[in-house]
Amino acid sequence: MVKICKWDFPEELLYDQHHQWIAQTGNKIQFGLTPYGIEITGDVLYLALPAAGTEVVVDNSCGSLEAGKWVGRIYAPVSGRVTRINQAIVSQPGCISKEPYFSWFMEIELSQPEELKKLMTVHQVAGWLLEEMKQDA
Amino acid sequence: MPSLTFRVLDSAPRRAAEHMALDEVIMKAHSEGNVPNTLRFLQFKPCALVGLHQNVDLEVNVPYCREQGVAINRRITGGGSLYWGPLELGWELYAKKSTPGIPRKVEAMYQLLCEGTAWGLKKIGLDAAYRPINDIEVKGRKIAGTGGTELEGSFMFQCSLLIDFDVRQMLKVLRTPMEKLGDKAVKSMRERVTSMHEQLGYVPEHKVIKQAIIAGLSERLEGEFYPGELTFLEEKLFQERLPYFQSNGWIFGEENGFMNTVDCFANYKAPGGLIRVQIRLDEQIRLIKYVMITGDFFAYPARVINDLENLLKNTPIHQGRMAQRIINFFGAYQAEIPGVTAKDFITVITMAIDQAKSRQLRGHQGGRE
C-alpha cells in the first residue's frame, strides 16, 4: 500500500486520470472510485450503471453518480463489453465511502488489452496526483 | 488584465427543453475545447424541473402541470425538483476543472461560487450568505439553490435564484411530503424559503441582478466577463439535440433508472409541545432525502429548525449516524427550545422512519397500504 497524502493506494492496482482504480484478472477488469476521487466528489448517494452486455469505449462516460446535488460521470477505463454490474453497490452506494477498494462498479471484458498500458501504476499515479494537488493548492 | 475570462450568454425566456438541451450542448462543446469559459443566464417559461436521477411521477403533479400548461423536464444535474416561475433567474458557469482559483473538491467549489454570488447580491441590498453545502440564504431562509455536473475536463455549476416566488403554485406543481396544500403548508414553506421581492420589497430589474451576480463572481474569481453569443457549432448541436430533450424518453425516462422515494410522517408530544416531522426517504429507506419539522414548540433563534433540517439532508438512516448528527448539532448550537431536547427530535424522526419501514414490510407481504 502506498500512501499519497492521507489516502491509501494499493500497489497491485492500476489507476486512471478520472480518479478510478482498476483491478485486472485475466482478460477482465473491475474498477471503482479511489478515496481521493470520493474526497473530491463527496459521498455517493446514487449510482446509474449500464446493463451487462453494453459495449463501452475507453475514456467515454459509461455511467453516472450523484453526490449531494452534484452529478459525476463514471468513465470506462478500457474498451470492451460490460460482463457484470455490482448490484450490491448499486443498492448500497453508501459503502463506496467506507470500503472504496471493495466497491467495484462493473466488470469489463477487454477488447483492446493494449489499453492497459496507458493506465498508471501506483508510483505513476503518486507523481501525477501530487502535481494535480499542487495546482489545486 | 485578468487571465480568466468568461463569455456571457443571455437570452429571452426559453422553454425548459431548450435550456436543458443547451446545458448538454455547451457542456460538451466546452469539454471538447470548442467554446470558451461561459456564464449563462437562464429565464424559463413556467416549468417543473426534476434532478437527473429523480422519478417525475413521484416529484411532480403531472396532471396539474398538463392542465395549467406548466412544462416538465429533467436536468442534467442532480438534486431535487424545482418549480420555476416566470421571474425566477438562473445562472450557470462552465469552466475547466483545472481553472486556477476554482477548487476541484466539489464542496469547496460550491462554497466559492455561492459566496461570490452572495457577495454580488449584497450589492443590491440583500443580506445574502452561503449556507453549506450548496445553498444561499437570507437570515436562515433559502433564496438560491445550486448544483452541478462534469464532463471530462470541464464542469458546469448552476444556481437558481428566487426573485418573486409563488409558494402556492409550487406546492401545487410539486409533490412534497406535506400532506395537504392548505395555509399551514404555505406558511411552513414561507418560513423556509424567501425571494428578492419579499426581502427588498420590490423586484429589481433582471439587468441589475445580473450585473450584481457578475460583479460578485468577477471579484471572487478575479475574472473578466464579456458579452457573447452561441457559436455556429452550439446552434447546430442544439437543433440536433432539442428533439431528444422534448421527448418523453428523456423527461419520463426508464422506470428502473431512478432514485425512487417514499414519504412518511410522525407526531410526538414532547413536554415543550407537539413536534411533527414529514420526511422524504430513498426507496430502500437508507437515506433521509429531506425532512420538514413543524409543531407548536417555541424555538430561538427562529432559524434553528431550518438549520437542523438542512443538516439532515442526505443523512444515512442508520440510527447511530442520524442521532449523532442531531446530538452534535444541539451540542454546538446556542438554541433555546424549552421542553424539547435533541432526544425528542431523534424519537419523532425514528417513529416516522419505523412507520415507513413497517408500511414497506406490509407491502412486501402483500398487504394494502
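None of these values were measured; they are calculated from a predicted model. Residue numbers start from 1 in every chain, and the chains themselves are labelled A, B, ... in the order their sequence lines are given, proteins ahead of strands.
- Heavy-atom distances place the side chain of B:Tyr110, and not its backbone, under 4.5 Å from chain A.
- Both the backbone and the side chain of B:Glu152 come within less than 4.5 Å of a heavy atom of chain A.
- Relative ring orientation between B:Tyr83 and B:Phe165 is described as tilted, the plane-to-plane angle lying within the 30° to 60° band.
- The candidate from B:Asn134, B:Asp282, B:Thr77 with the greatest count of non-hydrogen atom pairs under 4.5 Å with chain A is B:Asn134.
- Of the atoms belonging to B:Arg104, heavy atoms from both backbone and side chain fall under 4.5 Å from chain A.
- Comment: B:Glu24 engages B:Arg241 in a salt bridge, judged by a side-chain N to carboxylate O separation of less than 4.0 angstrom.
- For A:Glu114 and A:Lys117, the salt-bridge test fails: no basic side-chain N is under 4.0 Å from an acidic carboxylate O.
- B:Phe155 and A:Trp70 have tilted rings, their planes meeting at an angle from 30° to 60° on a 0 to 90° scale.
- At a 4.5 Å heavy-atom cutoff, A:Leu47 makes no contact with chain B through either its backbone or its side chain.
- Of the residues considered (B:Leu52, B:Leu151, B:Ile133, B:Thr146), B:Leu151 shows the highest number of contacts with chain A, using heavy-atom pairs under 4.5 Å.
- Between A:Trp21 and A:Tyr101, the two ring planes are tilted [angle within 30° to 60°].
- In terms of non-hydrogen atom pairs under 4.5 Å with chain A, the most contact-rich of B:Glu107, B:Met259, B:Lys97 is B:Met259.
- Of the residues considered (A:His18, A:Arg73, A:Gln17, A:Glu39), A:Arg73 shows the highest number of contacts with chain B, using heavy-atom pairs under 4.5 Å.
- By the 30° and 60° cut-offs, the orientation of the rings of A:Tyr36 relative to A:Trp7 is perpendicular.
- Of the two parts of B:Met156, only the backbone, made up of N, CA, C and O, holds a non-hydrogen atom closer than 4.5 Å to a non-hydrogen atom of chain A.
- Here A:Ser64 is the residue among A:Ala48, A:Ser61, A:Gly42, A:Ser64 with the most heavy-atom pairs under 4.5 Å with chain B.
- Inter-residue side-chain proximity for A:Pro93 and A:Leu65 is flagged as unmet; no heavy-atom pair is nearer than 4.5 Å.
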